[in-house]
2 protein chains.
Amino acid sequence: MHCLENDTTTGDPIDCRILRAALALFVARGFHNVSVHDIQRRAGVSVGSIYNHFGGKEGIARALYAQVLQQMEALVAEALAGSDLRAGHRVLVGRLFEWAETRPALMAYVFQARHREFLPDTPPICSAAPFRRLRDRVVEAMACGELCRGDPWVVTSTLFGNAIRLVQLRLDGLVDAPLPARTEETVALAWRAVAP
Amino acid sequence: MHCLENDTTTGDPIDCRILRAALALFVARGFHNVSVHDIQRRAGVSVGSIYNHFGGKEGIARALYAQVLQQMEALVAEALAGSDLRAGHRVLVGRLFEWAETRPALMAYVFQARHREFLPDTPPICSAAPFRRLRDRVVEAMACGELCRGDPWVVTSTLFGNAIRLVQLRLDGLVDAPLPARTEETVALAWRAVAP
DNA sequence: GTCTATACGCTGATAGAC
DNA sequence: GTCTATCAGCGTATAGAC
């Protein structure tokens, strides 16, 4: 939800205030360095409310995980809507780079957080629906000659690996220029690698 | 040190036993889900010894960080020893894939751990010497026509992004076949992208 | 539903004997 | 140098008033 972005503490539902506060803190300090009191204070609510709504800190993290995956799912669905993988790839990378600037907390929670360390029995995020969908699409594209043949993992990692890495480096503050200006270059190099 | 690998509790120095136990636990559960007592128990030493040798849990993490970076440094130095970047790239990826199988804990501590969450004032690991060295070498190679021109971050991420991503996916258990068999393919695709 | 005040467990860290 | 026993503080979670 867009309710995850912006820090307007004004007026919107208490759930969203809690989620936004928690996301910002989790991303900045890491889950275990954030206490319920920190979240409570930043969200401007009480401890009781947090337990009422989410059952605790872990519950918040779970809710965030779900929301964030939903966002990714929508993004991938949009990008893969057309039949042309090459065009879809361009759209997807463009959007990821855009989000790295405009929604860094969301992106960090997807690409930097180690969910297994605080959400028991959570499979790695890359085994979640949106990521599986990407890989499936790659396999399909290999079959119909839209992509070069090869091991599915290798080809998928090559197609998206440079963009994902750039997002991670950008979020870590190593890349100091906004990514969107590099979209075309990134996409072109990736495609050169996997062209049929 | 090779002292980080193998779980032979027998006989070797107490420092190494502690480091090995801690590395295994940190990687398996995450730094904050491991207590000093866990490490102490697994290493077969007492709490006092841990504080004597490392000053605490954080001290262990710092020592591990240093050792692990040293390993990476040696690896990169070896790979970049020759003048041919293409050959060096092949060696490096091959070694990373090999280590993902034989020294998974080391690799996980490098590529999965979020050091900023438990080591205050630690810059992101990718800004450390070995990683900087790689990027510098790429810039050099672009200048002398060994690589296509482009943004240094984009080209570096393209050259190594697929391999790094594969290592991460392998460590997360998503890729279920050993990586070394995919070395040639991975290297070939990456190079296709950045060839002059 | 929201809040405050409180309880309890765990963990990092120390003291002091050997 | 190594150990055991102990402490103090923090952080989660709950109880109970409003």
Side-chain angles (χ1 to χ4, degrees), chain A residues 3 8-65 113-122, chain B residues 1 3 8-65 109 113-122:
Chain A
C3 108
T8 57
T9 322
T10 44
D12 46 24
I14 193 171
D15 309 61
C16 291
R17 287 214 311 256
I18 294 172
L19 287 178
R20 262 188 294 127
L23 178 61
L25 290 169
F26 288 168
V27 162
R29 298 188 215 158
F31 180 84
H32 286 101
N33 293 318
V34 174
S35 76
V36 175
H37 292 282
D38 293 329
I39 301 171
Q40 165 245 327
R41 210 171 304 136
R42 174 154 186 159
V45 300
S46 71
V47 193
S49 295
I50 289 191
Y51 281 88
N52 264 324
H53 283 264
F54 299 100
K57 200 170 74 158
E58 192 182 308
I60 300 179
R62 241 195 308 276
L64 278 175
Y65 187 80
R114 300 283 314 155
H115 306 95
R116 312 206 58 171
E117 288 185 11
F118 50 87
L119 295 181
D121 305 317
T122 299
Chain B
M1 296 289 170
C3 107
T8 56
T9 322
T10 44
D12 48 24
I14 192 170
D15 310 60
C16 290
R17 285 214 313 256
I18 294 173
L19 287 178
R20 261 187 294 125
L23 178 62
L25 290 169
F26 289 167
V27 162
R29 298 189 214 157
F31 179 84
H32 286 100
N33 294 318
V34 175
S35 76
V36 176
H37 294 280
D38 293 329
I39 301 171
Q40 165 245 327
R41 211 170 306 137
R42 174 154 186 158
V45 301
S46 72
V47 194
S49 295
I50 288 192
Y51 282 88
N52 263 327
H53 283 263
F54 299 100
K57 200 171 75 160
E58 192 183 308
I60 300 179
R62 242 195 308 276
L64 277 175
Y65 187 79
Y109 201 70
R114 301 281 316 153
H115 306 95
R116 314 207 55 172
E117 290 185 10
F118 50 88
L119 294 180
D121 306 317
T122 300

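Letters A, B, ... mirror the listed sequences (proteins, then strands); counts begin at 1.
An OP1 or OP2 oxygen of C:dT2 is reached within less than 4.0 angstrom by a side-chain nitrogen or oxygen of A:His53. Between B:Ser49 and D:dC3, a side-chain N or O to OP1/OP2 separation shorter than 4.0 Å is present. Contact check, B:His32 against C:dT11: no side-chain N or O comes under 4.0 Å of OP1 or OP2. Under 4.0 angstrom from either OP1 or OP2 of D:dT12 there lies at least one side-chain N or O belonging to A:Lys57.
The aromatic rings of B:Phe26 and B:Phe31 lie tilted to each other, with the angle between the two planes from 30° to 60°.
The nucleotide whose nearest atom lies closest to any side-chain atom of A:Asn52 is, among C:dA13, D:dT2, C:dG1, C:dG1. Among the nucleotides D:dA13, D:dT2, C:dT14, the one closest to the side chain of B:Val47 is C:dT14.
Across the protein-nucleic acid pair, A:Phe118 atom CZ and D:dG11 atom P stand 17 Å apart, rounded to whole Å. Following rounding to the nearest Å, A:Ile50 (CD1) and C:dT2 (P) show an atom-to-atom distance of 11 Å. Note: CZ (B:Arg41) to P (D:dC3) measures 14 Å, nearest angstrom. Between B:Phe31 atom CZ and C:dG12 atom C1' the separation is 10 Å, expressed in whole Å. Atom CD of B:Gln40 and atom C1' of C:dT14 are 15 Å apart (whole Å). Taking atom OH of residue A:Tyr51 and atom P of nucleotide D:dT14, one finds them 7 Å apart after rounding to whole Å. The distance from atom CZ of A:Phe54 to atom C1' of C:dG1 is 14 Å, rounded to the nearest whole Å. Here D:dC10 presents its C1' atom at 13 Å from CG of A:Asn33, a figure rounded to the nearest Å.
Between A:His37 and A:Val45, the residue anchored nearer the 5' end of DNA chain C, judged by the nucleotide with its closest heavy atom, is A:Val45.
Side-chain polar atoms of B:Asp38 and B:Ser35 form a donor-acceptor pair below 3.5 angstrom.
Within the 4.5 Å cutoff, the side chain of A:Thr122 has no heavy atoms near those of the A:Arg62 side chain.
Between B:Tyr109 and B:His115, the distance from one ring center to the other falls under 6.0 angstrom.
For the atom pair CG (B:Asp15) and CD1 (B:Ile50), the distance works out to 11.0 Å, reported to the nearest 0.5 Å.
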